[in-house]
Colleague: 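Take this structure, written in structure tokens, and hold onto it; I'll ask about it next.
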There are 2 protein chains.
Amino acid sequence: MTLSVIGDRWSLLILRDLFRGVRRFEELRKDLGIAKNILSDRLNKLHQAGIVEQQPYQVKPIRNEYFLTHKGRDLSPSLIALMHWGDRWYADGDPPTILTHSLCDTALEQITHCPTCNEHVNTDQISSRPGRRHHLSKSA
Amino acid sequence: MTLSVIGDRWSLLILRDLFRGVRRFEELRKDLGIAKNILSDRLNKLHQAGIVEQQPYQVKPIRNEYFLTHKGRDLSPSLIALMHWGDRWYADGDPPTILTHSLCDTALEQITHCPTCNEHVNTDQISSRPGRRHHLSKSA
DNA sequence: ATAGTCGGTTGCTTTTTGCAACCAACGTGC
DNA sequence: GCACGTTGGTTGCAAAAAGCAACCGACTAT
């Protein structure tokens, strides 16, 4: 499910840019180097999925600015985590984008937390178990 | 960069399965419904990218089990975040996979944390600023 | 020995993406 | 008012990626 929405070459990059405050079609296209028809298609699909909101800043012809919905902003932990991963393993200088706490401008961290032990959990202390459903699905 | 490695329809799903403990080719194929040639290709690419490790459990012909490397396990915060997002917005019952703290079997949480304020940050308190580099790149 | 499974590879079809051309409506200069 | 550039698209065609079916060698179970 999740990846049927954002699991292509461009959607996450578009979302990252929207997150970063890029709003207009042409800005997105230039920044990402994406073909216009694909960008158009992805923005519409993300809109249909309720992740992106279109706000016309002009009618005749309709011209939109693109914003993240609540559902879209709710992807931020994923984006932060992916960006940090890229920074750790592919850093060749300063990271291109830093997400910060708007109140103090500090770069944010992602923490995996155990509510029972009330402590930080690092990656080799993570197990997995299936949910109650029988069939496996593509929820992530 | 990041998305040139994991930004396709299957890689994240494969990683999620590996994370979940699926080890063998045929298991992956059945679970995901992916074509064999694509699975073969993705596993090789992930191997080349240093994300997946191949351990032969049989020679003649060589047959591998697939494991995550440290670099691969380091994607877990991203996977957790994406799975949680899917659970929140597309839940139709119990989540298909639950990641837990191996010490106490509690389902894990993802927290966005500000090291300066030393507190949890929710999505509408997040800003972004560019890193020092001039050109924009695809690091996440 | 026969059948079935596992982990692939090869070749072909279908789907997705990329690219270039085009277009309508606006803004800008004159 | 008119030419010219910009923005935000759409359309049509070529290229790349993914899906599908067939095959294959080595093992395993009967």
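No experiment lies behind these values; they were computed from the predicted model shown. We use all heavy atoms of the structure for the numbers below, so side chains are in, but hydrogens, waters and symmetry mates are not.
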Colleague: Taking salt bridge (charged side-chain N to carboxylate O under 4.0 Å, His left out) as the cut-off, I'd like each qualifying pair that reaches into residues 101-125 of chain B, sequence neighbours left out, listed once.
Modeller: A/R129-B/D105
Colleague: What ring pair (Phe, Tyr, Trp, His ring centres under 6.0 Å) pairs are there with at least one residue in residues 100-120 of chain A, not counting sequence neighbours?
Modeller: none
Colleague: Check side chain to side chain contact (heavy atoms under 4.5 Å, CB included) between B/E26 and all other residues, then give those that pass, not counting sequence neighbours.
Modeller: B/R29, B/K30, B/K36
Colleague: Kindly write out the residues that satisfy salt bridge (Lys or Arg N to Asp or Glu O under 4.0 Å) with A/R23, not counting sequence neighbours, or none if the list is empty.
Modeller: none
Colleague: Between B/I34 and A/Y66, which residue's closest nucleotide on DNA chain D lies nearer the 5′ terminus?
Modeller: A/Y66
Colleague: Can you pull the contact range of chain A along DNA chain D, 5' to 3', using atoms under 4.0 angstrom from its heavy atoms?
Modeller: D/dT7 to D/dG12
Colleague: Taking salt bridge (Lys or Arg N to Asp or Glu O under 4.0 Å) as the test, write out the residues that go with A/E65, two or more places apart.
Modeller: A/R24
Colleague: What residues, two or more places apart in sequence or in another chain, satisfy side chain to side chain contact (heavy atoms under 4.5 Å, CB included) together with B/S127?
Modeller: A/T100, A/S102
Colleague: Is there any salt bridge (charged side-chain N to carboxylate O under 4.0 Å, His left out) pair reaching into residues 1-11 of chain A, and which pairs are they, with sequence neighbours excluded?
Modeller: A/D8-A/R42
Colleague: Pair A/H84, A/W89 - check ring pair (Phe, Tyr, Trp, His ring centres under 6.0 Å), show working.
Modeller: CA-CA 9 Å; A/H84 281 174; A/W89 296 96; over 10 Å; no
Colleague: Measure CG/A/L13 against C1'/C/dT17 and give the value in whole Å, please.
Modeller: 15 Å
Colleague: Using whole Å, report how far CZ of A/R29 lies from P of C/dG18.
Modeller: 13 Å
Colleague: What is the distance, to the nearest angstrom, from the CG atom on A/L39 to the P atom on C/dT17?
Modeller: 13 Å
Colleague: What string of B, S and - do you get for nucleotides 9-16 of chain C, 5' to 3', when a contact is any protein heavy atom under 4.0 Å?
Modeller: BBB-----
